[in-house]
Asker: 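Quick one: the structure is below, and I'll ask about it shortly.
The chains referred to below are lettered A, B, ... by the order of the sequence lines, with proteins before strands, and numbering in each begins at 1.
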Number of protein chains: 2
Amino acid sequence: MDVVYQYGQATAAEVLDALPDPPSYSTVRALLRVLEDKGHVRHRRQGPRYVFRPTVPREKARRSALARVVQTFFDGSSQAAVAALIDQSSLSGADLDRLEALIDRARQEGR
Amino acid sequence: MDVVYQYGQATAAEVLDALPDPPSYSTVRALLRVLEDKGHVRHRRQGPRYVFRPTVPREKARRSALARVVQTFFDGSSQAAVAALIDQSSLSGADLDRLEALIDRARQEGR
DNA sequence: GTAGCGCTGCTAGATTTCAAGCACCTTCGG
DNA sequence: CCGAAGGTGCTTGAAATCTAGCAGCGCTAC
């Protein structure tokens with residue numbers, strides 16, 4: 001799923017290449033079929049091959065991904081998660097400016 | 001693993017309770033044994049039961065977790081990830097103050 | 001047109017995981 | 001001390017996953 005989300009869409013071959021410790025091509029195809037059975041991806045034909053896309057839109061999926069990480073590793077504290085992220089990211093000055101602006105905006109809304 | 005990281009340490013019963021769509025107790029025990037075989041957890045005896053702890057410390061694990069989410073869902077942009085996190089979190093004024101202070105500090109360091 | 005390449009559909013076997021059940025051990029209460 | 005409760009070790013079988021291999025389809029180049 002990570003690969004599909006990262007690429008936006010992906011073929012079996014792309015998934016295979018992108019996977020670390022790569023399994024066999026057969027396995028990837030079986031995996032994608034299972035993911036489709038479970039409703040996590042759809043495929044459409046593109047020329048001779050299948051292109052798989054997630055059924056849950058990226059934005060929604062990343063919300064849950066962030067929420068899960070916050071829950072699992074930061075005891076539910078988003079503030080702590082943001083802090084860790086800023087701390088480990090070495091952001092540029094421009095990035096920091098953008099974040100500061102965002103914080104100001106959040107302050108307005110929270111009022 | 002999520003459960004173990006969330007609790008810091010956990011017994012088989014705790015993992016079972018914490019799992020959504022709970023599998024059988026046997027399955028949880030097998031799972032923990034496999035995780036131990038793969039080196040992801042260790043156990044030590046506590047009274048009559050086993051308590052499992054992660055081998056990789058929480059802080060290190062959460063760094064990779066964050067990095068993975070950033071990579072998968074934000075095209076590697078931590079700035080975008082932080083923005084999304086702030087946006088979806090409805091943080092308190094005090095939290096926002098703390099983050100602003102952190103941003104200032106990051107600015108100092110990046111200079 | 002047709003030969004070749006790449007990809008899918010399908011089958012089948014090996015391996016791994018899921019689950020249940022039972023014997024034995026550790027603790028706790030009376 | 002002794003029995004009960006709850007946990008683990010182990011075995012066994014069912015189910016799912018991993019993998020290989022082959023036939024057939026769809027493009028592409030010649």
Asker: Tell me: CG of Leu31(B) to C1' of dT17(D), nearest whole Å?
Answerer: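 The distance from CG of Leu31(B) to C1' of dT17(D) comes to 16 Å, rounded to the nearest Å.
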
Asker: Rounded to the nearest angstrom, tell me the gap between atom CG in Leu35(A) and atom C1' in dA16(D).
Answerer: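 Distance check: Leu35(A) CG to dA16(D) C1' gives 14 Å.
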
Asker: Using the C1' atoms of the five pairs at each end, what is the angle between the end axes of the helix from dG1(C)-dC30(D) to dG30(C)-dC1(D), to 10°?
Answerer: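 Terminal axis comparison yields 30°.
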
Asker: Could you go through the side-chain contact (heavy atoms from CB on, under 4.5 Å) check for Asp2(A) and Arg68(B) one step at a time?
Answerer: CA-CA 9 Å; Asp2(A) 277 20; Arg68(B) 174 186 151 276; 2.8 Å; yes

Asker: Please determine, for the side chain of Arg49(A), which listed nucleotide (dC18(C), dT17(D), dC7(C)) has the closest atom?
Answerer: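 Out of dC18(C), dT17(D), dC7(C), the nucleotide with an atom closest to Arg49(A)'s side chain is dC7(C).
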
Asker: If you only use heavy atoms from C-beta on, which nucleotide in dG9(D), dT17(D), dT8(C) is closest to the side chain of Tyr50(B)?
Answerer: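 Selected nucleotide (nearest to the side chain): dG9(D).
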
Asker: Please report, rounded to the nearest Å, how far the P atom of dT8(D) is from the CZ atom of Phe52(B).
Answerer: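 So the two atoms are 7 Å apart, to the nearest Å.
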
Asker: May I have the distance from Leu32(B) (atom CG) to dG7(D) (atom P), rounded to whole angstrom?
Answerer: 13 Å

Asker: Go through dT19(D), dT17(D), dG9(C) for me and flag the one nearest to the Pro23(A) side chain.
Answerer: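 Of dT19(D), dT17(D), dG9(C), dT19(D) is nearest to the side chain of Pro23(A).
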
Asker: Among the clusters formed by ILVMFWY side chains lying less than 4.5 Å apart, do Val34(A) and Val15(A) turn up in the same one?
Answerer: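 In one cluster: no.
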
Asker: Sort out for me which residue in Arg42(B), His43(B), Met1(B) forms a side chain to side chain contact (heavy atoms under 4.5 Å, CB included) with Leu35(B).
Answerer: Met1(B)

Asker: Expressed as a whole number of angstroms, how long is the span from Arg33(B):CZ to dA19(C):P?
Answerer: 14 Å

Asker: Counting only heavy atoms from other residues, nucleotides and ligands, does the tally under 6.0 Å from CD of Gln108(B) exceed 12?
Answerer: yes

Asker: Would you call Asp95(A)-Arg107(B) a salt bridge at under 4.0 Å N-O?
Answerer: no

Asker: Indicate the atoms forming the closest heavy-atom contact of Tyr5(A) with Arg58(A), along with that distance.
Answerer: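 Nearest heavy atoms, Tyr5(A) then Arg58(A): O-NE, 3.2 Å.
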
Asker: Under the side-chain hydrogen bond (donor to acceptor under 3.5 Å, both in side chains) rule, collect the residues that match up with Glu109(B), sequence neighbours excluded.
Answerer: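 Partners of Glu109(B) under the side-chain hydrogen bond (donor to acceptor under 3.5 Å, both in side chains) test: Arg105(B).
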
Asker: Starting from P on dG6(C), measure out to CG on Asp17(A) and report it in whole angstrom.
Answerer: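 The answer, rounded to whole Å, is 13 Å.
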
Asker: Measure across Arg62(B) and Phe73(A) and return the closest heavy-atom pair with its distance rounded to 0.1 Å.
Answerer: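 Closest pair (atom of Arg62(B), atom of Phe73(A), distance): NH1-O, 3.2 Å.
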
Asker: Walk along nucleotides 20-30 of chain D from 5' to 3' and tag each nucleotide B, S or - by protein heavy-atom contact under 4.0 Å, base first, then sugar-phosphate.
Answerer: BB-----S---

Asker: Write down the distance between CG (Leu16(A)) and C1' (dC7(C)), rounded to a whole number of angstrom.
Answerer: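 To the nearest whole Å, that distance equals 13 Å.
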
Asker: Leu66(A) and Ala84(B): which non-hydrogen atoms are nearest, and at how many Å?
Answerer: CD1-CB, 4.1 Å

Asker: How long is the line joining CG of Leu19(B) and C1' of dA19(C), in whole Å?
Answerer: 15 Å

